[in-house]
Amino acid sequence: MYKNVYLKKGKEESLGRFHPWVFSGAIHHIDGQPQEGDVIRIVNIDGRFLAVGHIQIGSIAVRILSFEDVIIDKAFWKERISAAYNVRKSIFCSQLTAPNKESKRLTNAYRLIHGEGDGLPGLIIDVYNRTAVMQAHSVGMHVSRREIADALAEVLNGTIDNIYYKSENTLAYKASEDGGNGFLKGSLATADDIATENGLRFHVDWLGGQKTGFFVDQRENRALLEHYSQNRKVLNMFCYTGGFSFYAMRGGAELVHSVDSSSRAIDITRANVELNFPGDTRHEAFAEDAFKYLERMGDQYDLIILDPPAFAKHKDALRNALMGYRKLNAKAFEKIRPGGILFTFSCSQVVTKDNFRTAVFTAAAMSGRRVRILHQLTQPADHPVSIYHPEGEYLKGLVLYVE
Ligand code: SAH
């Protein structure tokens, strides 16, 4: 039986609204001494059952797995993963179960589990063709990784061959203590690292890359960019492995320049462009710091993408982050050609839509340019937001027309 965590009087309110976190300040006392990552039962001060979750050290002390008094076993993981898979089947229709390999817009890269959005706080699973990449953001998910992988293999039976576990960056200490990143099913030999998004192919750097190896969350925004790219001179700033760049090329851009400070990312960007557009001389890539490049570049670009890493990972960093977004966008407003289009993003969870808009608005005002909002962008449907956990909405984007 799981150990009980007793909440202080009145602290059960947020659980009544199905919010999936318990903060450490809400805890009155704990039965025994559970280990970090253990499943525990949350009860109110009188011992009335409230929820089951993973306990961890930190300001979020418990992440809720269920509001029913259930056992967390393989059957539980299977049920949650199946539910998430059903959602993806509705989103992608037959593409996942019976992909038409001839389709010009084939997509076989998607997010299967989006943490709280799929009732599994602390777990991310992205699928890239026949390989699933699993990432734990909580010790509880790390401890359960093998059971989760077994459940995943059964749910996706026949559609994947490999499960790669990648948590060295998210749980540095725990993951390396247990042998680090590695395949829980299949092997490097059976894992083809090429996946397809809207018919464009790319290498997924799950071994050395960021996140699970690719940013599937920009899929729809890249498709929108393609639509705006005809005859434009494009700067893809913070390009990572070039996602926006190859959409711009397919959209008929006159030239595409990709910039990222990581030379590994730039090497993969070049390989990805070559994979889709062999020998195409419209593309060039530069391993360089964003601010340095923006400073030294001319005013030739009339389509600029700014997709920086999360400037604020915690609330304390918010002020500096907003200053960073303002500075970055100000440079783009200063240099973009008249009639130019700016795709600008923030993926910091702690930066709200309003915060971000104010930072961009201030940058626009500083430049004195006339700016219109054409589109307001967010994350795609395979990154769902639980209505009880609005914090799950993290990606914000604006498409701006700059006169
Ligand atoms: N737009 C990308 C994802 C961007 S992720 C896509 O569609 O896949 C953010 C990227 O910013 C990372 O690749 C990281 O290497 C890069 N980066 C971080 N700091 C940077 C800096 N100061 N200058 C340039 N690139 C930077």
Side-chain angles (χ1 to χ4, degrees), residues 107 109-111 124 126 128 133 135 169 193-198 200-206 208-226 229 234-251 256-273 275-276 283-297 303-313 317 320-321 323-329 331-332 342-349 351 377-380 382-383 394-399:
T107 292
Y110 65 97
R111 178 151 294 187
I124 296 293
D126 287 337
Y128 298 109
V133 181
Q135 192 160 66
N169 294 330
D193 77 345
I194 294 178
T196 307
E197 184 181 277
N198 287 318
L200 291 161
R201 301 196 311 142
F202 53 89
H203 293 280
V204 183
D205 187 15
W206 53 62
Q210 305 193 31
K211 299 280 168 92
T212 63
F214 193 70
F215 289 83
V216 277
D217 58 357
Q218 290 285 22
R219 181 192 318 107
E220 291 173 2
N221 303 331
R222 292 185 189 117
L224 182 67
L225 176 99
E226 175 175 1
S229 298
V234 180
L235 171 63
N236 181 8
M237 183 52 78
F238 306 98
C239 68
Y240 187 45
T241 52
F244 283 101
S245 302
F246 32 96
Y247 277 81
M249 294 182 74
R250 189 167 68 180
V256 180
H257 289 167
S258 305
V259 180
D260 199 285
S261 57
S262 151
S263 54
R264 184 183 174 104
I266 289 298
D267 288 344
I268 300 173
T269 296
R270 291 197 180 109
N272 283 341
V273 170
L275 195 61
N276 292 287
H283 181 258
E284 270 186 87
F286 308 91
E288 199 172 325
D289 174 75
F291 286 95
K292 285 202 181 121
Y293 189 90
L294 289 167
E295 203 55 62
R296 79 169 170 88
M297 76 185 198
L303 177 48
I304 297 180
I305 302 125
L306 297 177
D307 184 22
F311 281 167
K313 295 227 160 86
N320 281 341
M323 222 145 66
Y325 289 117
R326 196 172 71 208
K327 241 178 85 185
L328 185 65
N329 283 277
K331 271 285 157 234
L342 175 61
F343 276 64
T344 184
F345 296 96
S346 163
C347 61
S348 303
Q349 197 173 69
V351 173
L377 308 178
T378 182
Q379 63 220 48
D382 54 339
H383 295 58
Y394 68 100
L395 186 62
K396 299 150 289 281
L398 294 168
V399 180

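Only heavy atoms go into these numbers, but all of them, side chains included; no hydrogens, no water, no symmetry mates. All residue numbers refer to positions in the sequence shown, counting from 1. Owing to the predicted nature of the structure, the values given are computational and were not obtained by experimental measurement. Counting starts at 1 for both ligands and their atoms, in listed order.
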Check: Which protein non-hydrogen atom lies closest to atom 19 (N) of ligand 1, naming both residue and atom, and how far is it?
Finding: Ser261 OG, 3.8 Å

Next item on the list: For atom 18 (C) of ligand 1, grab the closest protein heavy atom and report residue, atom and distance to one decimal in Å.
Entry: Pro309 CG, 3.5 Å

Checklist line | Separation of Thr344 OG1 from Leu398 CG (nearest 0.5 Å) | finding: 7.0 Å

Check: Checking side chain to side chain contact (heavy atoms under 4.5 Å, CB included) for the pair Ile266/Cys239: CA distance, chi angles, key distance, verdict?
Finding: CA-CA 8 Å; Ile266 289 298; Cys239 68; 3.8 Å; yes

Notebook entry, point to check: Using a heavy-atom cut-off of under 4.0 Å, does the side chain or the backbone of Ala265 touch ligand 1, or both, or neither?
Noted result: neither

Next item on the list: For atom 1 (N) of ligand 1, find the nearest protein heavy atom and state the residue, atom name and distance (0.1 Å precision).
Entry: Asp307 OD2, 2.7 Å

Next item on the list: Check each atom of ligand 1 against the heavy atoms of Asp289 and keep those under 4.0 Å away; list them by number with element.
Entry: 21 (C), 22 (N), 23 (N)

Next item on the list: Can you sort out which atoms of ligand 1 are near Tyr240, meaning under 4.0 Å from one of its heavy atoms?
Entry: 2 (C), 3 (C), 4 (C), 8 (O), 13 (O)

Checklist line | Numbering as shown, the atoms of ligand 1 that approach Gln210 to under 4.0 Å (heavy-atom distance) | finding: 12 (C), 13 (O), 14 (C), 15 (O)

Notebook entry, point to check: How far is atom 4 (C) of ligand 1 from its nearest protein heavy atom, and which residue and atom is that?
Noted result: Phe238 O, 3.2 Å

Next item on the list: Verify the ring-centre separation between Phe345 and Phe244: is it less than 6.0 angstrom?
Entry: yes

Item checked: Test: Asp382 and Arg219 ion pair at under 4.0 Å -> yes

Next item on the list: Enumerate the atoms of ligand 1 whose separation from the nearest heavy atom of Ser262 is less than 4.0 angstrom.
Entry: 15 (O)

Margin query: Minimum heavy-atom separation for Gly324 and Phe311, please, with both atom names.
Written below: C-CE1, 3.7 Å

Notebook entry, point to check: Under 30°, 30 to 60°, or over 60°: which ring-plane class applies to Phe215 and Tyr240, parallel, tilted or perpendicular?
Noted result: perpendicular

Margin query: Give me the nearest non-hydrogen protein atom to atom 13 (O) of ligand 1 as residue plus atom name, then the distance to 0.1 Å.
Written below: Asp260 OD2, 2.6 Å

Item checked: For the student: nearest non-hydrogen atoms of Asn198 and Thr107, plus distance -> N-OG1, 2.9 Å

Next item on the list: For atom 23 (N) of ligand 1, find the nearest protein heavy atom and state the residue, atom name and distance (0.1 Å precision).
Entry: Ala290 N, 2.8 Å

Next item on the list: Please could you name the atoms of ligand 1 that Arg222 approaches to less than 4.0 Å, counting only its heavy atoms?
Entry: 6 (C), 7 (O), 8 (O)

Notebook entry, point to check: Looking only at heavy atoms of Lys292, does any of them come nearer than 4.0 Å to an atom of ligand 1?
Noted result: no

Notebook entry, point to check: Is there a donor in the side chain of Ser258 and an acceptor in the side chain of Thr269, or the other way round, less than 3.5 Å apart?
Noted result: no

Margin query: Any atom of ligand 1 sitting under 4.0 Å from a heavy atom of Glu288?
Written below: yes

Checklist line | Shortest non-hydrogen contact from Met237 toward Ala290 | finding: SD-CB, 3.5 Å

